[in-house]
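Notes follow the structure.
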Amino acid sequence: MGRLVLPLGAALAIGGIAGAYLIPVLTAGKISLKAYVGYFGLIVFIIGAFLFYDTTPKGQEKKKKAKAAAQAFQESVKKGAASGEAAAQGVQVKSWGLTRIDFTFYGVEFHFNPVWPLVGGFFIAALSAFLGIGGGFLYVPFCTNIVNLPMYVVAGTSALAVFISMITSIFTFMFVKGTPVDFLFIGAELVGIATGSIVGPMTSKYIPDIWLKRLFVVLAIYVGIGYTTKGFLGYSVLPGL
Amino acid sequence: MEMHPFYQVLDPYLIYFYRLTGHVGVDFVIGTLVLAGIAMLIGEVSVFLAFRFTRKRFGEKTAEAEKYQNLSMDALKAGNKEAYQATNKLANDAFGHSFFQQLTLSAAFLWPVFFALAWMQYRFLEVEFPIPGTNWSLGFIGGFIIIYIAAYLALKRLPWFRRLKGILESYLNNGSVLTPEISPKAKGEHP
């Protein structure tokens, strides 16, 4: 519990529950498969664009700068230049408010506006429930980059939010909307994921990170164009999709 | 719903455990307990194998995340905002890697559950268990989940299963993000 920021988890979870409940209720059975495919294609494009930016000289420069700053700080810690004082350990919420929550973590003070995680939780869970993309991979950067919280507290807190919104979404689809589930398909997918989780780390050490990202960008463009045209034009302009 | 050929082969063996006593409720519990046990054992073995192949890389990435997380806390304590933002970003990147690795590895544990549910869907789709005192009922999925949890609690007491879990947990703990160890320098404890 020392790493769980309860108000942050609660704000993310409330937004998440709303998004994960409303999307199945509002869209299940009302949006055609074609439209889903089209929207999925668009999202793949957006993810591809983010990754493409990461591979550009500007994106790489940002990462290099971050590494250099981290390295410089590490050196300064070694030389004893850094100073500070650790207070009480773990997370301690100091004050609750509608627009500001203050807490300390290992003696360091943090604050955030709970409206942001509420809104963020809603949209991330909604996207996740609608297209199956989202959850942890959006909650964590959202909390670290937008709400500006440390990774230490974000990892545990966002896991709680992901779990709650995922359960809500699955429950609403299956039991409120009665959506049929193809368990055999899920099982087969999981076998593929498990195989990939073994093959990926074994092969990725031979391929630099940037080339893996470039490979993904190419695939994202291909899948993005194929799915978007298939969804919105009725046919894929690229073969195999 | 016509049974998939894969299940046509397995069906006589799996359904055998649902016909042991002749009492419908008891048979459902026994059969599902056996099915859940099989799914869990296959899952445990496959996640164990997956970890054996990937633990080095897994450990590297989690250690990297841990290193930058510790540095980011040090930077905060030292009041160095620029270093905090840089190290927090790198911690975020590294955490993303280890998070997804953990997530995908969990598929190695869960896949047999969905194959089990797929078979149950052919056999028990229409079965409903009324919940006493309410107007609600539990379908085969709810029944399976409850019995799966019970099977897990029972199986984890077996020595062989405990040994397997112990090895797995040691892999996880070696690579997991632990409590932050703020360096003595950043704490202000200069020698």
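Throughout, protein chains are lettered first and strands after them, A, B, ... in sequence-line order, and every chain is numbered starting at 1.
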Scored by heavy-atom pairs under 4.5 Å with chain B, the best of T195(A), D182(A), I193(A) is I193(A)

Flag for Y18(B)-T32(B): side-chain donor and acceptor within less than 3.5 Å: yes

Which region of N92(B), side chain (C-beta onward) or backbone (N, CA, C, O), has a non-hydrogen atom less than 4.5 Å from a non-hydrogen atom of chain A, or is it both or neither? both

Is the number of heavy atoms from other residues, nucleotides or ligands within 6.0 Å of CZ (F28(B)) greater than 12? yes

Ring-plane angle category for F110(A) and F103(A), please: parallel below 30°, perpendicular beyond 60°, tilted otherwise. parallel

Side chain from CB out, backbone as N, CA, C, O: work out which of these in L49(B) comes under 4.5 Å of a heavy atom of chain A, or both, or neither. neither

Please check if the number of heavy atoms outside F129(B) that lie under 6.0 Å from its CZ is greater than 12. yes

Around atom OH of Y53(A), are there more than 12 heavy atoms of other residues, nucleotides or ligands at under 6.0 Å? yes

Under the salt bridge (Lys or Arg N to Asp or Glu O under 4.0 Å) rule, collect the residues that match up with D27(B), sequence neighbours excluded. none

Could K67(B) and E64(B) be called an ion pair, given the rule that one side-chain N must be under 4.0 Å from one carboxylate O? no

Counting heavy-atom pairs under 4.5 Å to chain A, which of K56(B), Q85(B), R57(B), K89(B) comes out on top? R57(B)

So with a 6.0 Å cut-off around CZ of F6(B), is the heavy-atom count from everything else above 12? yes

Proximal to chain A - members of residues 105-120 of chain B, heavy-atom separation under 4.5 Å: L105(B), A107(B), A108(B), L110(B), W111(B), F114(B), F115(B), L117(B), A118(B)

